[in-house]
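Encoded as structure tokens, the structure appears first; notes follow it.
In the text below, chain A, chain B and the rest are named by the order of the sequence lines, each starting its count at 1. All of these numbers come straight from a predicted model, not from anything done at the bench.
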Protein chains: 4
Amino acid sequence: MNAASLKRKEIHGAIREAALREFAATGLAGTSTQQLAKAAGITKAQLHYYITSKEDLYREVLEGIIAQWRDIFFVEGEQDDPAEVITGYVRRKLKLCLDQPEGSRLFVQELLRGAPEMEDHWAGLRASVDDASGVIRRWIDEGRMKPVDPVLFMMNIWAVTQHYADYQLQSRRVLDVPDEGALDFERIANEAVQLFLMRAGLA
Amino acid sequence: MNAASLKRKEIHGAIREAALREFAATGLAGTSTQQLAKAAGITKAQLHYYITSKEDLYREVLEGIIAQWRDIFFVEGEQDDPAEVITGYVRRKLKLCLDQPEGSRLFVQELLRGAPEMEDHWAGLRASVDDASGVIRRWIDEGRMKPVDPVLFMMNIWAVTQHYADYQLQSRRVLDVPDEGALDFERIANEAVQLFLMRAGLA
Amino acid sequence: MNAASLKRKEIHGAIREAALREFAATGLAGTSTQQLAKAAGITKAQLHYYITSKEDLYREVLEGIIAQWRDIFFVEGEQDDPAEVITGYVRRKLKLCLDQPEGSRLFVQELLRGAPEMEDHWAGLRASVDDASGVIRRWIDEGRMKPVDPVLFMMNIWAVTQHYADYQLQSRRVLDVPDEGALDFERIANEAVQLFLMRAGLA
Amino acid sequence: MNAASLKRKEIHGAIREAALREFAATGLAGTSTQQLAKAAGITKAQLHYYITSKEDLYREVLEGIIAQWRDIFFVEGEQDDPAEVITGYVRRKLKLCLDQPEGSRLFVQELLRGAPEMEDHWAGLRASVDDASGVIRRWIDEGRMKPVDPVLFMMNIWAVTQHYADYQLQSRRVLDVPDEGALDFERIANEAVQLFLMRAGLA
DNA sequence: GATGAATGAGGGTTCATTCAT
DNA sequence: TATGAATGAACCCTCATTCAT
């Protein structure tokens with residue numbers, strides 16, 4: 001790979017990064033290419049040299065986020081201890097949400113506008129949810145955890161973890177964390193883990 | 001109040017309703033006055049006769065939502081039973097989120113864009129949170145509930161309830177509820193109530 | 001019809017006139033809305049207030065021309081004398097081409113670019129040609145005119161008459177007619193009529 | 001001539017060919033360098049390496065066409081038989097128009113836009129027309145053909161022959177000739193020759 | 001009150017061309 | 001010789017808003 005191609009990758013990367021940030025903040029329709037270009041540190045004409053269209057860029061970034069999220073599974077590796085799995089999942093998901101909150105934000109923006117780009121993804125999500133629900137149901141049947149509504153149990157994990165991405169600004173104000181500082185991961189994670197472990201009768 | 005003034009109120013109401021819906025879906029920058037006028041069933045010129053500016057309309061609607069949300073308190077009336085209070089709060093909040101999801105959605109839109117209109121509201125929110133936290137802390141001190149992080153406990157209630165507004169579309173797809181039907185309030189409420197009661201050691 | 005509506009019609013008329021002129025000169029792709037607005041004596045924003053899109057305006061103007069041309073039939077009224085019909089048709093067509101050359105020019109522009117807007121019109125044209133061909137063939141069978149290739153005979157009439165619209169500038173230079181003056185209708189008409197009457201053995 | 005220079009000529013040829021085709025279809029203003037590059041099978045940057053500017057390329061191609069057309073004279077070689085000359089001229093011109101219709105199309109495009117590039121060519125055309133007119137007038141004076149308007153007679157030959165280039169698409173639709181096939185040269189040539197010979201009283 | 005018309009600014013995108021490599 | 005990158009201008013069109021009527 002030569003220098004020119006490297007630079008191309010760099011610029012493309014800067015554009016995608018900027019796009020994720022801006023789209024997450026103001027959505028597809030609310031984000032101008034001017035805004036995107038400025039955020040990426042290039043001119044509008046330069047931006048359009050690298051992208052096909054604003055919508056295509058949006059789609060590309062959204063697909064990237066969805067793919068990244070797909071890789072965080074409920075059960076990881078050889079785990080089969082309910083407490084371990086739940087704790088691990090909550091902490092992994094929360095970590096991702098605190099480290100890269102723009103992902104969740106972009107996702108909720110897409111949902112808010114009616115999710116026209118998501119049609120092809122629901123089936124895959126349903127399959128993942130079915131997998132995880134099956135595991136939970138088995139644990140319940142085996143008496144290894146209290147009965148819960150498996151799907152809602154999972155959805156509530158999403159709700160709690162993603163809240164600290166989507167509503168991060170509110171969390172900061174309420175918890176009095178300045179914009180420069182980071183939210184206290186351990187504090188939030190502990191409370192969240194306790195919440196779901198206790199629901200499952202595992203703590 | 002004469003007929004003309006009545007009609008004026010009606011139109012204003014239609015505008016606010018439409019604005020809430022549209023702003024909740026596509027945000028301030030992403031929503032055009034054309035779009036707003038069409039959603040309100042009037043012309044663009046008529047819209048501008050009734051409003052001062054798009055931003056003013058946005059502010060008005062946002063303030064309305066914030067005011068409405070302020071009216072749902074953690075403790076209601078003379079309640080002082082932890083289980084009763086938690087159950088009531090979760091159910092009230094969830095009901096509001098399922099009945100009028102646009103409120104939460106508008107709110108998250110504002111947060112996503114950095115909440116420039118919210119500066120004056122954080123103090124009030126902090127006060128409310130402090131009130132509720134005080135109650136919870138007292139209950140803990142009195143041994144009437146397990147120790148929790150009071151602020152995070154509340155925030156997680158928000159997270160879970162508002163999730164069914166903000167991520168409603170995803171919830172529908174995962175729970176297989178068609179766009180015309182309603183999410184199953186009792187099912188969701190029961191799981192949510194269990195979640196927080198158990199965390200508090202009250203169930 | 002009130003004054004405002006009248007003005008609207010006036011402006012719309014001015015736009016269509018300007019559009020016919022400009023599209024005839026530089027085609028759809030080669031004509032900018034700036035150019036159109038200037039030719040119509042309005043601003044670009046004003047133009048876009050009155051039209052849906054440049055392409056729609058183009059289509060509207062093109063359809064208008066096609067409709068106008070459809071109304072010039074080979075046989076008019078109760079005519080059935082070959083010499084009369086041919087003479088009348090050539091003169092009518094030529095008159096139209098000299099009076100409103102932009103029509104033919106717009107048409108040839110559309111053909112030059114591959115006529116993507118004409119797909120629906122060929123059937124109608126074929127039908128008209130078939131009608132006229134039938135008349136000519138009958139005359140030939142009845143011995144009232146010399147045998148000709150009926151379709152090519154008609155097409156050559158089009159060729160000759162429309163030439164004085166499409167190639168008018170060249171005709172002016174060759175015939176030494178200044179841009180302000182008019183081409184000598186009678187001179188051209190007489191030569192053209194002679195051409196086709198003699199071919200038909202009618203002069 | 002070395003290999004590099006040969007390749008250069010090849011590419012230049014491809015560019016001119018593509019330019020003729022594209023300019024003939026959509027005119028100077030309506031044809032983009034992108035379109036030209038794609039049609040020539042090269043990149044936009046490569047195109048600009050070979051040409052000075054779009055307008056220069058247009059001028060070059062147009063001049064080429066004009067030069068090529070100048071070489072088809074009314075009278076060819078030692079001919080002096082009116083029927084032979086007319087027949088030959090009509091057939092030669094028609095052949096050129098059917099074989100290379102883009103030439104005529106580019107020419108009419110230039111005329112349609114007001115022929116700003118043609119100012120220097122009218123004198124030469126007038127001279128050619130005067131020559132041919134002189135021959136025709138002599139034939140008439142010598143009683144070797146019927147009196148005609150010599151200039152219009154010539155112009156009508158152009159009209160008829162070029163029609164099958166400029167309006168070829170319409171001709172195909174009316175004559176039911178598919179885009180892949182060729183128009184029937186002999187059929188068209190015969191009718192055209194008859195048309196002008198009869199006008200001259202020579203058939 | 002209500003509405004057609006108008007507008008200057010800005011939307012996303014392509015343009016012809018230049019430049020560095 | 002060739003090509004990725006870059007650019008300022010222009011492309012078509014919509015924007016939020018104002019103004020007559």
Once you apply the 3.5 Å cut-off to both distances, tell me the Watson-Crick or G-U wobble partner of dT21(F), or none.
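Per the H-bond distance test, dA2(E).
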Is there a side-chain polar atom (N or O) of Arg8(C) under 4.0 Å from OP1 or OP2 of dG4(E)?
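No, because none of the side-chain N or O atoms of Arg8(C) sits under 4.0 Å from OP1 or OP2 of dG4(E).
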May I have the distance from [X] (atom [atom1]) to [N] (atom [atom2]), rounded to whole angstrom?
X	N	atom1	atom2	answer
Gln35(C)	dC13(F)	CD	C1'	17 Å
Ile11(B)	dT3(E)	CD1	P	8 Å
His12(A)	dG4(F)	NE2	P	15 Å
Ile42(A)	dA5(F)	CD1	P	12 Å
Tyr58(C)	dC11(F)	OH	P	19 Å
Gln34(B)	dT3(E)	CD	P	14 Å
Leu57(D)	dT17(E)	CG	C1'	14 Å
Leu47(C)	dA5(E)	CG	P	14 Å

Nucleotide nearest [X] when distance is taken to its side chain, options [options]:
X	options	result
Lys54(C)	dC13(F), dA6(F), dA6(E)	dC13(F)
Thr33(D)	dT3(E), dT17(E), dG1(E)	dT17(E)
Gln46(A)	dA6(E), dT7(F), dT3(E)	dT7(F)
Tyr49(C)	dT18(F), dT3(E), dA5(E)	dA5(E)
His48(C)	dC11(F), dC13(F), dT3(F)	dC13(F)
Ser32(A)	dT17(E), dG12(E), dT17(F)	dG12(E)

Both Ala45(C) and Ser53(A) contact DNA chain E. Which one's nearest nucleotide lies toward the 5' end?
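It is Ala45(C) whose nearest nucleotide is closer to the 5' end.
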First of Ile51(A) and Tyr50(C) reached from the 5' end of DNA chain E, by closest nucleotide
Tyr50(C)
Thr52(C) or Thr43(A): which one's nearest nucleotide on DNA chain F is closer to the 5' end?
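Its nearest nucleotide lies further toward 5', so the answer is Thr43(A).
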5′-ward residue of the pair Lys44(C)/Ala29(B) relative to DNA chain F:
Lys44(C)
Hey, is the main chain of Ala39(C) close enough, under 3.5 Å, to the side chain of Glu22(C) for a donor-acceptor pair?
no
Would you say the side-chain atoms of Lys44(C) pair up with the backbone N or O of Lys38(C), donor to acceptor, closer than 3.5 Å?
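Checking the backbone N and O of Lys38(C) against the side chain of Lys44(C), no donor-acceptor pair under 3.5 Å is found.
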List the atom of Asp166(B), the atom of Arg105(B), and the distance in Å for their closest heavy-atom pair.
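Of all heavy-atom pairs spanning Asp166(B) and Arg105(B), the closest is OD1-N, 3.6 Å.
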Given Glu10(A), Glu63(A), Glu60(A), the one that forms salt bridge (Lys or Arg N to Asp or Glu O under 4.0 Å) with Arg16(A)
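Only one of Glu10(A), Glu63(A), Glu60(A) forms a salt bridge (Lys or Arg N to Asp or Glu O under 4.0 Å) with Arg16(A), namely Glu60(A).
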Are any of the side-chain nitrogens in Glu102(C) or Arg21(C) under 4.0 Å away from the carboxylate oxygens of its partner?
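Not counted as a salt bridge, because no side-chain N and carboxylate O are separated by less than 4.0 Å.
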